[in-house]
Amino acid sequence: MEVELRILDERLRAQPPVYATPGSAGLDLRASLTAPLVLAPGACELVPTGMAIHLADPGYAALILPRSGLGHRHGLVLGNLVGLIDSDYQGELMVSAWNRGSAPFTIQPLERIAQLVIVPVVQARFREVEAFGQSSARGSGGYGSTGRG
Ligand SMILES: O=c1ccn([C@H]2C[C@H](O)[C@@H](COP(=O)(O)OP(=O)(O)OP(=O)(O)O)O2)c(=O)[nH]1
Ligand SMILES: [Mg+2]
C-alpha cells in the first residue's frame with residue numbers, strides 16, 4: 001500500500017519514518033521539538049511529529065500507540081490512550097504525550113516517542129431492527145458473565 005506523506009520538519013529528511021525491521025507493524029514517530037520537553041509526573045502535552053499522512057481510502061485508519069519500552073519503563077504513554085487517525089485527516093500527526101510515571105521524563109528533540117500502525121477499517125451500514133434476527137450463545141451477557149479463571 002502506498003500512502004502520501006508530507007514532511008513538515010526538514011530535520012526528518014535525515015531520519016525519515018521507516019519500519020525498523022521487515023516485520024515491524026509500527027512506524028516510529030519522532031518528536032518535532034526544538035528543545036527538550038520536560039514532562040512532570042502526570043503531565044500531558046501535545047507533541048507535533050513533523051509529518052502528515054493522507055490515507056485517503058476510508059477502508060484504512062491509523063492508530064498511534066505507545067512504544068512498549070518507553071511506556072513500561074518510563075511511563076511515557078498517550079493522554080488519549082490510543083490516537084485514531086482518520087483516512088481523511090491531512091493535518092500534522094500529533095502525539096498526546098502523557099507521563100503516567102512518578103519521575104519527570106524529558107523528551108529530546110526528534111526522539112521516537114510513539115508509533116503509527118495502519119489498520120483496515122469497515123464502515124458499516126446500520127439497519128435498524130426491532131429485534132435481532134438470530135439469537136446467539138452469549139445473548140446480552142457480558143462483564144464477566146462467563147466467569148473467572
Ligand atoms: O493522537 C491523535 C489523535 C488524533 N489526531 C488527529 C487525526 C484525527 O483524524 C483527528 C481527529 O481525531 P479524533 O476524531 O479522535 O478526535 P475528535 O476529538 O473526535 O476530533 P474531531 O471532532 O476533529 O473528529 O485528530 C492526531 O493527530 N493524533
Ligand atoms: Mg472525531
Side-chain angles (χ1 to χ4, degrees), residues 1-130 132-133 136 138 140-145:
M1 170 191 192
E2 193 171 88
V3 175
E4 287 188 345
L5 166 76
R6 290 186 65 214
I7 301 282
L8 309 173
D9 182 335
E10 289 300 320
R11 296 172 300 171
L12 286 185
R13 296 196 186 281
Q15 290 163 305
V18 285
Y19 292 102
T21 66
S24 292
L27 186 79
D28 286 339
L29 297 174
R30 294 182 183 275
S32 176
L33 297 169
T34 51
L37 175 65
V38 181
L39 281 181
C44 187
E45 296 273 355
L46 209 53
V47 178
T49 63
M51 59 180 263
I53 60 168
H54 184 208
L55 292 167
D57 182 341
Y60 293 96
L63 303 177
I64 298 181
L65 301 174
R67 291 187 67 206
S68 307
L70 288 181
H72 181 69
R73 276 199 288 278
H74 300 286
L76 185 72
V77 293
L78 304 173
N80 48 356
L81 304 188
V82 175
L84 175 61
I85 311 302
D86 297 287
S87 68
D88 54 358
Y89 181 70
Q90 297 184 316
E92 182 167 11
L93 296 176
M94 304 294 289
V95 173
S96 172
W98 173 32
N99 179 2
R100 62 156 186 83
S102 50
F105 183 85
T106 302
I107 301 176
Q108 299 297 337
L110 297 180
E111 182 170 359
R112 293 175 294 148
I113 53 169
Q115 54 187 330
L116 185 80
V117 179
I118 296 175
V119 293
V121 164
V122 174
Q123 263 190 2
R125 274 175 289 106
F126 292 92
R127 174 171 49 85
E128 192 192 344
V129 294
E130 286 295 325
F132 294 120
S136 72
R138 173 177 291 276
S140 50
Y143 299 90
S145 68

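In this chain, residues are counted from 1 in sequence order. Source: prediction; values computed, not measured. Counting starts at 1 for both ligands and their atoms, in listed order.
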Measure across Glu92 and Gly50 and return the closest heavy-atom pair with its distance rounded to 0.1 Å. OE2-N, 2.7 Å

Distance (rounded to the nearest 0.5 Å) between Arg73 CZ and Ser68 OG: 9.5 Å

Report the distance from atom CE of Met51 to atom CD1 of Ile7, rounding to the nearest 0.5 Å. 6.5 Å

Checking side chain to side chain contact (heavy atoms under 4.5 Å, CB included) for the pair Leu55/Ile53: CA distance, chi angles, key distance, verdict? CA-CA 6 Å; Leu55 292 167; Ile53 60 168; 4.1 Å; yes

Let me check something: any side-chain donor-acceptor pairs from residues 105-121 under 3.5 Å, sequence neighbours excluded? List them with distances.
from	atom 1	to	atom 2	distance (Å)
Glu111	OE1	Gln108	N	2.9
Arg112	NH1	Asp28	OD2	2.7
Gln115	NE2	Pro66	O	3.0

Name the residue from Val82, Asn80, Leu29 that meets the side chain to side chain contact (heavy atoms under 4.5 Å, CB included) definition with Ile64. Leu29

Considering only heavy atoms, which protein residues lie less than 4.0 Å from any atom of ligand 1? Ile64, Asn80, Gly83, Leu84, Ile85, Asp86, Tyr89, Glu92, Leu93, Met94

